[in-house]
Structure formats: structure tokens, C-alpha cells
Amino acid sequence: MNPIWNIASKELSDGLRNRWLLAISLLFAVLAVGIAWLGAAAAGTVGFTSIPSTIASLASLATFLMPLIALLLAYDAIVGEDEGGTLMLLLTYPLGRGHILLGKFVGHGLILGLAVLIGFGCAAVAIGLLVEDVDLGMLFWAFGRFMLSSTLLGWVFLAIAYVLSGKASEKSTAAGLALGVWFLFVLVFDLALLGVLVLSKGAFSPDLLPWLLLLNPTDLYRLINLGGFEGGANAMGVMALGNDLPMPTAALWLCLLLWVGLPLALAWRVFKRRQV
């Protein structure tokens, strides 16, 4: 465990030195507080509305931000070390490639987890202190679930970034692949699914379409955060398919955990075969 922690602490210290943790935490805090008080400005009202609407808005925002931040944080984790010549040096030490990969994952995962806790946690505390008659139990339960699922979503894309970094021969290639993955899961997938839904004209079984949401971790994330609230029944667009998904919330959490584990195992396999 020591080799893994040594690499993790190095990645964590790099994140602190490069202001990654500070920048992400500040971004999350400002956006979360802004959405909590200004989220209903389009409807002509300013101020805190409700916990479900705040969590729904934050989840929609985090669906775009968390994958992008995670990919930017880790896209060069392997190929960058290779280009800089430090990967070969690391492999001369009594370290396995699994140690290096897990160490980087723990370090980057801690950066994301701490940023989520500090940034969104500050927003939850601000709401609890400044909003009158707010249900504190529901507030901290909703924000706790939201922060945990946001961290897991970030870890999913960290693992995917390691796969891309292990495959790429140059940092620029890894960056392009990371951007393509972000477009695929965050923007293209749901549009394609809606296109299939509209154009299939009965060619696809209606019972099959909701299961396709499990192929996208960002959809899983939104289903988890929309579930448990009355507003979840009024989901729009592709999220409405989730109402027909015969799975409890615990199963959605398990699927999100699998989305962390499977790409991480694939990243280890790719890294193991990489020639240095």
C-alpha cells in the first residue's frame, strides 16, 4: 500500500501546487451558491426556491463540468510521464504498473473528492444558515447524495482518461480523445438516443430504450439525483425514459460503481501492454 500512497500523495501535492484543488473548489462553490439563489431568475424570482430544484439544477451543471474537469486532470497521466521521461524512471523502482495507476487514481480521486466536498459543502452550509425554515435533514441528505454521486462521476471519467492516456502516443492525441469522449457522453449520446426514439417508429422495443441509459454514466448520475424527489416524475427529454426503468436506486449506484471499476481495469490492461 505504501507505493500506492506515495504516488497518490505526489499527485495530491502537485494538485495543491498547481492550484487545481483551490480552483475547482472555488468554481463549485460560486456556481452552487449562484444557482441556489439565482436559479429561478428566469421566472422573475430571486432567492432560494427549493431543495429538489436546486439539486436538479446543480446536477445538470455537474453533468457538464465533472467529466470535463476529470478528463483535464488525468488525460496526460501516463502519456505525459512517458513524454517527460519520468515513466521509465518510475519503472526502475520496485513499483508495478498497477501501483502507478492506482496511486494516480487515488491522488486524482482525492483532488476531485475534496473539491466537491469543499465547494458544494460550502453551498449546503450557506443554505442551512441563511435560508429560514429549510428542512436541514433533507438538505444534508440531498447534498450528501449529490456530492457522493458527483465524486463517483468524476472517478468514472478519471478511469476513462487513463485508458486514453495509456493508448495515446502523444499528449495532444490524448487531449483530442478526451474531448471526443466528453462530447460523446455529455452531448451526443442523449441526442442520438432521442433520434432513435423518434425515428425508429416502433422498430425498437419500448422496453429496451430505458436500459440504454445504463450505457452512459452521465445519465446514471442524473437518474440518481432526480430520484427521490417529486420532480423526478416530471423529467423531460431522454430522462423521461428513466421512469420506465425497472431498477431501484441502489442498482443505479451499483451501475455507477461498475462504471468506475471496469474502465480502471481496462486502463490497467492497456498500461500493462504499453511499450516504454
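L91 is connected to I4 through a chain of hydrophobic side-chain contacts under 4.5 Å among Ile, Leu, Val, Met, Phe, Trp and Tyr, so both are in one cluster. Under a hydrophobic clustering in which Ile, Leu, Val, Met, Phe, Trp and Tyr are joined whenever their side-chain heavy atoms come within less than 4.5 Å, directly or via other members, M88 and L95 fall into the same cluster. No continuous path of hydrophobic side-chain contacts links L65 to V30 [ILVMFWY only; heavy atoms under 4.5 Å]. In the hydrophobic clustering of ILVMFWY residues, with side-chain heavy atoms under 4.5 Å counting as a link, F183 and L164 come out together. A continuous path of hydrophobic side-chain contacts links V181 to L193 [ILVMFWY only; heavy atoms under 4.5 Å].
Distance check, rounded to the nearest 0.5 Å: CG of L252 to CG of L226 gives 11.0 Å. Atom-to-atom distance recorded for F28:CZ and L117:CG is 12.0 Å, nearest 0.5 angstrom. Separation of atoms CD1 (I51) and CG (L139) is listed at 4.5 Å; rounding is to 0.5 Å. The distance from atom CG of L184 to atom CG of L177, rounded to the nearest 0.5 Å, is 12.0 Å. One finds the CG atom of L213 at 11.0 Å from the SG atom of C255 (value rounded to the nearest 0.5 Å). Taking CG of D219 as the start and CG of D190 as the end, the distance is 4.0 Å to the nearest 0.5 Å.
Across I7 and K104, no two heavy atoms sit closer than the pair CG2-N, 3.8 Å. Across all non-hydrogen atoms, the minimal contact from Y162 to A77 is CE2-CB, 3.5 Å. Between L112 and A70, the shortest heavy-atom contact is CD1-CB, 3.9 Å. In this structure, F271 and L101 approach most closely via the heavy-atom pair CD2-CB, 4.3 Å. The two atoms that bring E83 and E170 nearest to each other are OE2-CA, 3.0 Å, heavy atoms only. Nearest heavy-atom pair, L110 versus W5, reported as atom, atom and distance to 0.1 Å: CD1-CZ3, 3.8 Å.
More than 12 heavy-atom neighbours from other residues, nucleotides or ligands sit within 6.0 angstrom of CH2 on W20. Sparse packing is recorded around CZ of R273, with 12 or fewer heavy atoms of other residues, nucleotides or ligands lying under 6.0 Å away.
Between the side chains of H99 and Y93, no donor N or O sits under 3.5 Å from an acceptor N or O.
Between L214 and W259, the closest side-chain pair of non-hydrogen atoms is not below 4.5 Å. A 4.5 Å side-chain heavy-atom check between I55 and F143 finds at least one atom pair inside the cut-off. Contact check for L179 versus L71: no side-chain heavy atoms found under the 4.5 Å cut-off. Taking 4.5 Å as the limit, every side-chain heavy atom of I118 sits out of range of all side-chain heavy atoms of L26. At least one side-chain heavy atom of W182 sits less than 4.5 Å from a side-chain heavy atom of L187. Considering only heavy atoms from C-beta on, R274 comes within 4.5 Å of V79 through its side chain. The shortest distance between side-chain heavy atoms of I69 and L27 falls below 4.5 Å. No side-chain heavy atom of I111 sits less than 4.5 Å from a side-chain heavy atom of L16.
With R222 contributing its side chain and L220 its backbone, the two residues share no donor-acceptor pair below 3.5 Å. No donor-acceptor pair closer than 3.5 Å links the side chain of T218 to the backbone N or O of V186. Checked by atom type and distance alone, the side chain of T173 never pairs as donor or acceptor with a backbone atom of S169 at under 3.5 Å. Without hydrogens or angle criteria, S25 side chain to L22 main chain gives no donor-acceptor distance under 3.5 Å.
For the pair K171 and D82, the salt-bridge criterion is not met [side-chain N within less than 4.0 Å of a carboxylate O].
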Acceptor/donor pairs from residues 149-161 side chains to any protein atom, 3.5 angstrom cut, sequence neighbours excluded:
| from | atom 1 | to | atom 2 | distance (Å) |
| --- | --- | --- | --- | --- |
| S149 | OG | R145 | O | 2.9 |
| S149 | OG | F146 | O | 3.0 |
| S149 | OG | N225 | OD1 | 3.4 |
| S149 | OG | N225 | ND2 | 3.0 |
| S150 | OG | F146 | O | 2.7 |
| S150 | OG | Y221 | OH | 2.7 |
| T151 | OG1 | M147 | O | 2.9 |
| W155 | NE1 | G109 | O | 3.2 |

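Annotation for L266: hydrophobic cluster partners, listed by chain and number, are V163, V270 (ILVMFWY side-chain heavy atoms under 4.5 Å, direct or chained).
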